Colleague: 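Have a look at the structure that comes next, please.
Residue numbers start from 1 in every chain, and the chains themselves are labelled A, B, ... in the order their sequence lines are given, proteins ahead of strands. Since the structure is predicted, the reported quantities are computational estimates derived from the model, not experimental observations.
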2 protein chains.
Amino acid sequence: MNWKEKLASNGHRITQAREQMMRLLSQTQVPLSPMQIHSALREQGSKMGLVSVYRNLNLLMDYDLVCMLVAPDGNAGYVAGGTGHHHHILCKVCQSSAIFDECEDFSELISKIEAQTQFVVGDHFLQFYGLCPQCQETYV
Amino acid sequence: MNWKEKLASNGHRITQAREQMMRLLSQTQVPLSPMQIHSALREQGSKMGLVSVYRNLNLLMDYDLVCMLVAPDGNAGYVAGGTGHHHHILCKVCQSSAIFDECEDFSELISKIEAQTQFVVGDHFLQFYGLCPQCQETYV
DNA sequence: CCCTTATTGATAGTATTTTTCAATAAGGAT
DNA sequence: ATCCTTATTGAAAAATACTATCAATAAGGG
Ligand SMILES: [Mn+2]
Ligand SMILES: [Mn+2]
Ligand SMILES: [Zn+2]
Ligand SMILES: [Zn+2]
């Protein structure tokens, strides 16, 4: 089920603004702030308002169609999300990101955490930082 | 090496503001926003300005004396950090957090990520969400 | 093609974060 | 203890970021 089906099947409309945002975020590996999304789309001729960027980011987040990434400096940005459970890795140099879905088995770790903290563990937020292929060449 | 030694040995001063902030954050399990830190300290009689909260959070983050946590809703807050490599778990209900240092061995996962994404993997940001002991009782 | 209403853009309002700068206090030297 | 240097501070203002309101628009079912 692609993003249009996901939204439509939940009673949401496939609007210009949403198509433009999804297209941009799918094409971009670097996490973009709401402002950056807005600027990029205006430059491409879109008449979208910044307010709609915020509104739609909220909606798209609700349906896991975009993901919020946290840069090493603590700044947040948005990228198109993968399907199903997945995580992202972010280049420390150029901020470019990639998705990985070869996901870990945390059952053992979770047991340790529950023993140590007395919390019941639910889900998690995991993000890696590293060097993208391009920046590996530049910064040998 | 405690936080005072860490700062002092790097040429920073142990100020009222920093002592108040570290004391508050060490006593509190719930991640606090800059504004919340400021309000709490003012209520305790501190004359500290909000600006110093921001400035000192930056400094304390630089020396890993406080950690930024991301709530499930995307909001960020600060808590006192543990020593060495560690992570946090956050209660989905009351936001209370705990530290765990029984840390994972990610070497196998990292190999998979590097194979799949062609990135070179460095460090990571990992945070768990769950139910704290108190909220387990309330929400049986 | 029409009708309903979710969605939008503009505007205004609120909240958060950063910049600037003179006053203060931390801590090494005397 | 007292002095000196300057990192640090608080207040004020500026700049950003986000949210609420509302009339106009366009998405999409009939
Ligand atoms: Mn995972
Ligand atoms: Mn770890
Ligand atoms: Zn890169
Ligand atoms: Zn709780």
Colleague: Hey, which of these two, A/Val53 or A/Gly11, hits DNA chain C nearer its 5' end, going by closest nucleotide?
Modeller: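 In this pair, the answer is A/Gly11.
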Colleague: Between A/Phe128 and B/Phe106 (judged by ring centroids, cut-off 6.0 Å), do the two rings come close enough to count as a pair?
Modeller: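 That pair passes the under 6.0 Å test.
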Colleague: Quick one: which of C/dA26, D/dA27, D/dG10 gets closest to the side chain of A/Arg13?
Modeller: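 Of all the options, the side chain of A/Arg13 is nearest to D/dA27.
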Colleague: Can a donor-acceptor pair be found between the side chains of A/Gln20 and A/Ser46 at a distance below 3.5 Å?
Modeller: yes
Colleague: Whole Å only: how far is the CZ atom of A/Arg18 from the C1' atom of C/dG9?
Modeller: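 In whole Å, C/dG9 C1' lies 14 Å from A/Arg18 CZ.
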Colleague: Could you state the atom-to-atom distance from CG of A/Asn75 to C1' of D/dT16 in whole Å?
Modeller: 12 Å
Colleague: Looking at OG of B/Ser111 and CD of B/Gln116, how far apart are the two atoms once the value is rounded to the nearest 0.5 Å?
Modeller: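 Interatomic distance, B/Ser111 OG to B/Gln116 CD, rounded to 0.5 Å: 12.5 Å.
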Colleague: Can you check nucleotides 17-20 of chain C for protein contacts, nitrogen or oxygen pairs under 3.5 Å, and list what you find?
Modeller:
from, atom 1, to, atom 2, distance (Å)
C/dT17, OP2, B/Tyr54, OH, 2.3
C/dT17, O5', B/Tyr54, OH, 3.2

Colleague: Given atom CE of B/Met68 and atom P of C/dT16, what is their separation to the nearest angstrom?
Modeller: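 Going from B/Met68 (CE) to C/dT16 (P), I get 16 Å.
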Colleague: Determine the sole option in A/Asn56, A/Leu60, A/Leu7 for which the side-chain contact (heavy atoms from CB on, under 4.5 Å) test with A/His12 is passed.
Modeller: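 So, applying the side-chain contact (heavy atoms from CB on, under 4.5 Å) to A/His12 and each of A/Asn56, A/Leu60, A/Leu7, only A/Leu7 qualifies.
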Colleague: Could you give the CE-to-C1' distance, from B/Met21 to D/dT9, as a whole number of Å?
Modeller: 13 Å
Colleague: Is it true that the side chains of A/Arg55 and A/Ser52 contain a donor and an acceptor less than 3.5 Å apart?
Modeller: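 Yes, side-chain donor-acceptor contact under 3.5 Å.
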Colleague: Please round to 10 degrees the angle between the axis of the first five pairs and the axis of the last five pairs in the helix from C/dC1-D/dG30 to C/dT30-D/dA1.
Modeller: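 Answer rounded to 10°: the end axes differ by 50°.
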Colleague: Please state how far atom NZ in A/Lys4 lies from atom P in D/dA27, giving the value in whole angstrom units.
Modeller: 12 Å
Colleague: How many Å lie between CD on B/Glu19 and C1' on C/dA25, as a whole number?
Modeller: 13 Å
Colleague: Reading DNA chain C from 5' onward, which residue's closest nucleotide shows up sooner: A/Asn56 or B/Gln16?
Modeller: A/Asn56
Colleague: Look at the aromatic rings of B/Phe125 and A/Phe125 and report parallel, tilted or perpendicular, splitting at 30° and 60°.
Modeller: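 Geometry flag for A/Phe125 against B/Phe125: perpendicular rings.
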Colleague: Name all residues meeting the salt bridge (charged side-chain N to carboxylate O under 4.0 Å, His left out) criterion together with A/Lys112; count only those two or more places apart in sequence or in a different chain, and write none if there are none.
Modeller: none
Colleague: Does a side-chain N-to-carboxylate-O contact under 4.0 Å join A/Lys92 and B/Asp123?
Modeller: yes
Colleague: Report the distance from atom CD1 of A/Ile14 to atom C1' of D/dT25, rounded to the nearest whole Å.
Modeller: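 Between C1' of D/dT25 and CD1 of A/Ile14: 17 Å.
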Colleague: If you compare every side-chain N and O of B/His12 against the phosphate oxygens of D/dA7 (OP1, OP2), does one of them come in below 4.0 Å?
Modeller: no
Colleague: Under 4.0 Å between a side-chain N or O of B/Thr15 and OP1 or OP2 of C/dA26?
Modeller: no
Colleague: In whole Å, I'd like the distance from the CG atom of B/Leu7 to the P atom of D/dA7.
Modeller: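 In whole Å, D/dA7 P lies 15 Å from B/Leu7 CG.
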Colleague: Between A/His124 and B/His87, is any side-chain donor less than 3.5 angstrom from a side-chain acceptor?
Modeller: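 The answer is no; no qualifying pair exists.
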